[in-house]
Amino acid sequence: MTVAQRRGRRIMMTPEELDTFLSEQRTCRVATVSADGRPHVSALWFAWDGTSLWLYSITRSRRWAELRKSPRIAVVVDDGVEYGELRGVELSGAVEFVGEAPRTGEPCPELDAPEALFARKNFGLDSMPHDGRHAWMRLTPDAVASWDFRKLATLG
């Protein structure tokens with residue numbers, strides 16, 4: 001169940017704008033929580049398939065260890081320099097781990113589409129290179145909040 005955005009509706013992205021934005025952007029900021037409650041934020045490349053955010057993380061990272069203990073996550077993707085250009089989206093929910101960890105390229109039909117998207121977007125390749133250090137997580141968000149300050153100029 002996705003939670004509807006309540007605040008800032010006038011500057012939120014439409015579903016089409018959100019899909020285009022997430023398809024074009026490359027880097028997200030991933031927030032996890034350690035066992036003692038301390039937040040941890042790190043940057044990752046991602047792929048968006050129209051429904052889920054696919055994250056390719058080093059399996060020996062703090063982020064991976066924290067998500068293995070508690071899969072709760074918040075992710076921010078944003079863009080813009082000047083105030084009137086700022087736009088972004090926050091997605092939150094629980095990640096699911098998909099495929100072998102670390103990923104070595106064993107057949108996994110569920111990863112065919114996200115790996116093709118990720119390889120084209122981030123490496124300019126037709127197929128995913130595997131280094132035996134990374135693995136996949138899928139976030140199908142429970143809540144999505146977006147903003148596009150470029151819309152402020154039309155609100156008068």
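The first residue of the sequence shown is numbered 1, and numbering continues consecutively from there.
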- [ ] Could you please spell out the steps behind the side-chain contact (heavy atoms from CB on, under 4.5 Å) verdict for Arg87 and Lys151?
- [x] CA-CA 10 Å; Arg87 60 192 178 133; Lys151 293 181 178 186; over 6 Å; no

TODO: Kindly determine whether Trp54 and Trp45 satisfy side-chain contact (heavy atoms from CB on, under 4.5 Å), including the steps that lead there.
DONE: CA-CA 9 Å; Trp54 290 86; Trp45 282 351; over 6 Å; no

Open item on the list: Please evaluate residues Glu115 and Trp136 with respect to the criterion side-chain contact (heavy atoms from CB on, under 4.5 Å), reporting the C-alpha separation (whole Å), side-chain torsions for both, the decisive distance (0.1 Å), and the verdict.
Closed with: CA-CA 9 Å; Glu115 285 189 341; Trp136 287 103; 2.9 Å; yes

Open item on the list: I'd like to know whether Ile11 forms a side-chain contact (heavy atoms from CB on, under 4.5 Å) with Leu152, so could you lay out the CA-CA distance, the side-chain angles of the two residues, the decisive distance to 0.1 Å, and finally the verdict.
Closed with: CA-CA 7 Å; Ile11 62 168; Leu152 290 172; 3.6 Å; yes

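The two residues Ala74 and Glu90 come nearest to each other via the heavy atoms CB-OE2, 3.8 Å. Annotation for Ser34 and Glu66: closest pair CB-OE2, 3.3 Å, computed over non-hydrogen atoms. Of all heavy-atom pairs between Ala135 and Thr59, the closest is CB-CG2, 3.5 Å. Of all heavy-atom pairs between Val77 and Cys28, the closest is CG2-CB, 3.6 Å. The two residues Asp19 and Ser23 have their closest heavy-atom pair at O-OG, 2.8 Å. Smallest separation of non-hydrogen atoms from Pro39 and Arg62: O-NH2, 4.2 Å.
Judged by distance alone, with hydrogens and angles left aside, the side-chain atoms of Glu106 form no donor-acceptor pair with the main-chain N or O of Gly99 at under 3.5 Å. With hydrogens and angles disregarded, no donor-acceptor distance shorter than 3.5 Å links the side chain of Arg68 to the backbone of Pro71. Judged purely by atom type and a 3.5 angstrom limit, Ser146 uses its side chain to pair as donor or acceptor with the backbone of Met13. The backbone N or O of Asp79 lies less than 3.5 Å from no partner atom in the side chain of Gln25, so there is not a single donor-acceptor pair. With hydrogens and angles disregarded, no donor-acceptor distance shorter than 3.5 Å links the side chain of Arg138 to the backbone of Val98.
Proximity of the aromatic rings of Phe97 and Trp64 is defined here by a centroid distance below 6.0 angstrom, and this criterion is met. Phe21 and Trp48 have their aromatic ring centers separated by at least 6.0 angstrom.
Looking at Asp78, Leu44, Val75 one by one, the single match for side chain to side chain contact (heavy atoms under 4.5 Å, CB included) with Arg29 turns out to be Asp78. Applying side chain to side chain contact (heavy atoms under 4.5 Å, CB included) to Leu67 and the options Thr32, Leu139, Val33 leaves one that passes, Thr32.
Atom CG in Asn122 sits 5.0 Å away from atom CZ in Arg26 (nearest 0.5 Å).
Hydrophobic clustering (ILVMFWY, side-chain heavy atoms < 4.5 Å, transitive): Val81 and Phe149 are in distinct clusters.
Using a 4.5 Å heavy-atom cutoff, the side chains of Met137 and Leu53 are not in contact. Ile73 is listed as a side-chain neighbour of Leu55, based on a closest heavy-atom distance under 4.5 Å. Residues Val144 and Pro141 are in side-chain contact: their nearest non-hydrogen atoms beyond the backbone lie under 4.5 Å apart.
Classification of the His134-Tyr56 ring pair by plane angle, with boundaries at 30° and 60°, yields parallel.
Within 6.0 Å of CG on Asp131 lie more than 12 heavy atoms contributed by other residues, nucleotides or ligands.
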